[in-house]
Number of protein chains: 2
Amino acid sequence: MTQVKNTFQFEDMLKKHHLKKTAPRLRVLSMMYSKTTATSQPDLENVMHDIDRVTLYRILNIFEEKGIIHKVFDLNGTANYAVCSSGCQENHHHDEHLHFNCTRCKNVYCINDLYLPGLTLPEGFKAESFTLYANGICPKCEKKPHH
Amino acid sequence: MTQVKNTFQFEDMLKKHHLKKTAPRLRVLSMMYSKTTATSQPDLENVMHDIDRVTLYRILNIFEEKGIIHKVFDLNGTANYAVCSSGCQENHHHDEHLHFNCTRCKNVYCINDLYLPGLTLPEGFKAESFTLYANGICPKCEKKPHH
DNA sequence: TGCTAAATGAAATATTGTTGCATTTGTGAT
DNA sequence: ATCACAAATGCAACAATATTTCATTTAGCA
Ligand SMILES: [Mn+2]
Ligand SMILES: [Mn+2]
Ligand SMILES: [Zn+2]
Ligand SMILES: [Zn+2]
């Protein structure tokens, strides 16, 4: 689902959202678009030692505000971020897809190509959005021999 | 859904799970069974000032292990705990129901009486469990006037 | 009643989230 | 190309939460 993008496209993305083109932001975009799974702040820190923790924190926040990425919680409740497929606007996300948590490799996958059936809530509850989580084994882990 | 229970029943629950009957555990059970929404660790701390934070932390952990309560994450990613309806065993939960996050009062509701339709995942993904989250306004907040 | 493993409380450490502020830097206007 | 200024970064500091260690207390049982 994640489409390959080059540096020029990342620069365009930043400009479109009125964000200054900076090295940390381009590197975060590049990393997140290159992965098929969600990325946690620790993931970013482990790769980008030279970028301050707080800078990463703020980049993730502003990207989420702008509708570039969305937040997912993994099995441990730590925040992971994944690129938004499309149609997400500033402060108005449309990421109602399945999030698959692999219990073995701990990776979080966004599963966009899955039909989410309409649901009827009990009387009185007014739902604005839904998120579906699944826990299990991802294809990569399924192929590997068990520990 | 939450059934009313008395102290004797809480004592039985602890005995059944080979847990010693202690005051902190009984109070946590009592509080969690009295609520219709999930309880966070800060919630417990605010009520039970005299019980150590770490004790609460350990009680929640052992109760979850034993299948007495299950963990839900709220909108901020903080862990909330709710009593398991039934059928949950040690290290083997069956809590595949809807979790409703109210964006106004921040309460988390377990919605058990909702049919979760079967879903077919993409090739290779083996799901073991599902959790559905909904965000919106709960019945209580809907009735109250807006701030 | 006393023994013992389990549970608690207190302290200490690790991780994560968050804010304030001084400094640097990207960008649009000159 | 240079300038001015808002935006972005880095650093320090603080808050909240998660987790471990260990001495002390206590529940359950012989
Ligand atoms: Mn997603
Ligand atoms: Mn629940
Ligand atoms: Zn995996
Ligand atoms: Zn509410």
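We name chains A, B, ... by the order of the sequence lines, and we start the count at 1 in each one.
When the nearest nucleotides of DNA chain C are assigned to A/Tyr57 and B/Ile59 by heavy-atom distance, the more 5′-ward of the two goes with B/Ile59. Between B/Thr78 and B/Val54, it is B/Thr78 whose nearest contact on DNA chain D lies nearer the 5' terminus.
For the 3.5 Å distance criterion, the side chains of A/Asp74 and A/Thr78 qualify, holding a donor opposite an acceptor. Between the side chains of B/Ser129 and A/Asn135, a donor-acceptor pair is found at a separation under 3.5 Å. B/Asn80 and B/Ser40 share no side-chain donor-acceptor pair at under 3.5 Å.
Whole-Å rounding puts the B/Asp74 CG to D/dT17 P distance at 11 Å. Rounded to whole Å, the distance from CD1 on B/Ile51 to P on D/dT25 is 18 Å. The separation between A/Arg53 atom CZ and D/dA13 atom C1' is 11 Å, rounded to whole Å. With rounding to whole Å, A/Asp52 atom CG is found 16 Å from D/dA7 atom C1'. Atom pair B/Arg58:CZ and D/dC22:P shows a separation of 13 Å (rounding to whole Å applied). Per the geometry, CG belonging to A/Asp50 stands 12 Å off P belonging to D/dT9, to the nearest Å. Note: CG (B/Asp12) to C1' (D/dG28) measures 16 Å, nearest angstrom. We find that CD of B/Glu64 is positioned 12 Å from P of D/dA18, with the value rounded to whole Å.
Ring geometry for A/His70 versus A/His97: interplanar angle over 60°, hence perpendicular rather than tilted (30 to 60°).
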Assess whether ring pair (Phe, Tyr, Trp, His ring centres under 6.0 Å) is satisfied between B/Tyr81 and B/Phe63, documenting all intermediate values. CA-CA 10 Å; B/Tyr81 296 86; B/Phe63 282 4; 9.7 Å; no
Would B/Lys21 and B/Asp12 satisfy salt bridge (charged side-chain N to carboxylate O under 4.0 Å, His left out), going step by step from the backbone distance to the final call?
CA-CA 9 Å; B/Lys21 172 182 64 176; B/Asp12 282 348; over 6 Å; no
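When all heavy atoms of A/Glu45 and A/Arg53 are compared, the pair lying nearest together is OE2-CG, 3.0 Å.
Taken residue by residue, residues 15-30 of chain B places heavy atoms nearer than 4.0 Å to DNA chain C at B/Leu19, B/Lys20, B/Thr22, B/Pro24, B/Arg25.
Of all nucleotides in DNA chain C having an atom under 4.0 Å from a heavy atom of chain B, the first and last in 5' to 3' order are C/dA5 to C/dA11.
Of the possible donor and acceptor atoms, one in the side chain of B/Asn46 sits under 3.5 Å from a partner among the backbone N and O of B/Pro42.
A salt bridge does not link B/Asp52 to B/Arg58: none of the charged nitrogens lies less than 4.0 Å from a carboxylate oxygen.
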